[in-house]
Amino acid sequence: MTCCAPSREPPQGTGDPGGAQKSLAAERPVHDWASVPGGAYQLGGEDADANPDDGEGPLRQVVLSPFRISATVVTNREFAAFVKATAYVTEAERLGSAFVFHSLASARVRKTVRRRLAAAPWWLEVKGACWRWPGGRGTHILDKPVHPVVQVSWNDARAYCDWAGVRLPTEAEWEAAARGGLRGARYPWGNELTPGGRHMCNVWQGAFPDKDDADDGFHGTCAVRSFPPNGYGLYEVAGNVWEWCADVFSSAVLEGRSGRDPVGPAEGPARVIRGGSFLCHESYCNRYRVAARSSNAPDSAASHIGFRVVSAGATPTDAHR
């Protein structure tokens, strides 16, 4: 488990698969693509406030083939189309629970809490929480069709990709795309978090974890395209929701993370997540920086983790290894 992304322990039972819900869509989604040119990129960071165990540095050069990446993360509407077409049941639905941030849990939902994480008691394992009911039973996504789908594991994201004819981005592709053509910048838009006092991403303001002032206009997720895109046309690559990448996570220096079209280490227990979320705050988790990285178990789901996709025609073909 990382401080930012709660990991599931071995399941205690199969739980409630979630039941039926009105679908938001019936057709295969057509993704809005942003093109990222091939060539050499400088990735990684040397920020003084980096998390030492995350393996952000050192700065490294990679060479990437050109690729197309979705301008936004996958939305509730798009994931609903996948479920309607395939009758897919997510891991959270099969296991009967998922993690919900405490301030997003209603009084009714709190009665269904199975446990709090000892190391991060603001995370509640809530019975029935899943992509359909991201905050637990009684919450729903019908009024949030263009919000990021959350409560999806890496395995769920890969299943969506297999159906949609796309794939998850490699970590190198994700970072190159998130930088938007800027070299060495701290954020996708430059080096200031709020240039001229303007909020550029959905992160936490206030005293974490008890009070979110929501000065950026949001408590919890925001709809995609709520903030300006970066130089390549990608929206919300900082904050809002963590994004699954294809790679196995390692903090070892350059293990599978340099050279031409790197795809990460060959094996390991966790997968990379990038971008930070609406819960990130400089006092606790400053991983909304573009070089920042974290990880989670591939079967874990939470109310602040989603994913975006890459056109399947782009290399590398073994990114789902």
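Note that these values count all heavy atoms, side chains included, but never hydrogens, waters or copies made by symmetry. Along the sequence shown, residues carry numbers from 1.
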Answer whether the closest heavy-atom distance between the side chains of [X] and [Y] falls below 4.5 Å.
{"X": "R68", "Y": "H31", "answer": "no"}
{"X": "P209", "Y": "F101", "answer": "yes"}
{"X": "Y41", "Y": "E175", "answer": "no"}
{"X": "W242", "Y": "S294", "answer": "yes"}
{"X": "S153", "Y": "S300", "answer": "no"}
{"X": "E236", "Y": "V224", "answer": "yes"}
{"X": "Q151", "Y": "T90", "answer": "no"}
{"X": "F307", "Y": "W154", "answer": "no"}

Indicate the ring-plane relationship of F82 and W163, choosing parallel, tilted or perpendicular according to the 30° and 60° boundaries.
tilted
Aromatic rings W123 and H304: how do their planes relate, parallel, tilted or perpendicular, breaks at 30° and 60°?
tilted
Begin with the C-alpha distance, continue with both residues' side-chain angles, and end with the deciding distance and a verdict on salt bridge (charged side-chain N to carboxylate O under 4.0 Å, His left out) for R274 and D247.
CA-CA 11 Å; R274 296 294 300 256; D247 302 35; over 6 Å; no
Using side chain to side chain contact (heavy atoms under 4.5 Å, CB included), reason through W33 and V309 one step at a time and then give a plain yes or no.
CA-CA 9 Å; W33 298 113; V309 297; 4.0 Å; yes
In terms of heavy-atom contacts, A185 and R179 come closest through O-NH1, 3.0 Å
Nearest heavy-atom neighbours spanning L104 and S303
CD1-OG, 4.3 Å
Using only heavy-atom distances, determine whether the side chains of [X] and [Y] contain a donor-acceptor pair under 3.5 Å.
{"X": "H219", "Y": "S103", "answer": "yes"}
{"X": "S65", "Y": "D261", "answer": "yes"}
{"X": "N240", "Y": "Y235", "answer": "no"}
{"X": "D299", "Y": "N155", "answer": "no"}
{"X": "H147", "Y": "T221", "answer": "yes"}

Side chain of R137, backbone of A129: donor and acceptor closer than 3.5 Å?
no
Are R308 and E243 close enough, and set up right, to give a salt bridge (charged side-chain N to carboxylate O under 4.0 Å, His left out), and what steps lead you there?
CA-CA 7 Å; R308 76 178 68 220; E243 301 180 23; 2.7 Å; yes
Report the C-alpha separation of W244 and R271 in whole Å, then their side-chain angles, then the decisive distance to 0.1 Å, and conclude whether the side chain to side chain contact (heavy atoms under 4.5 Å, CB included) test is met.
CA-CA 7 Å; W244 289 111; R271 295 284 171 167; 3.9 Å; yes
Just one of R289, R287, R293 clears the salt bridge (Lys or Arg N to Asp or Glu O under 4.0 Å) bar with D54, so which one?
R287
Going through the checks in order, is the salt bridge (charged side-chain N to carboxylate O under 4.0 Å, His left out) test met by R158 and D156?
CA-CA 5 Å; R158 181 174 175 179; D156 298 330; over 6 Å; no
Go through it in stages, so that I can follow the logic: the residues are H199 and D215, the test is side chain to side chain contact (heavy atoms under 4.5 Å, CB included), and I'd like the CA-CA distance, side-chain angles, deciding distance and then a yes or no.
CA-CA 8 Å; H199 289 282; D215 292 337; 3.6 Å; yes
Using ring centroids (six-membered ring only for Trp), state whether F79 and W131 fall under 6.0 Å.
yes
Assess the pair F227 and W189: is the distance between their ring centroids shorter than 6.0 Å?
no
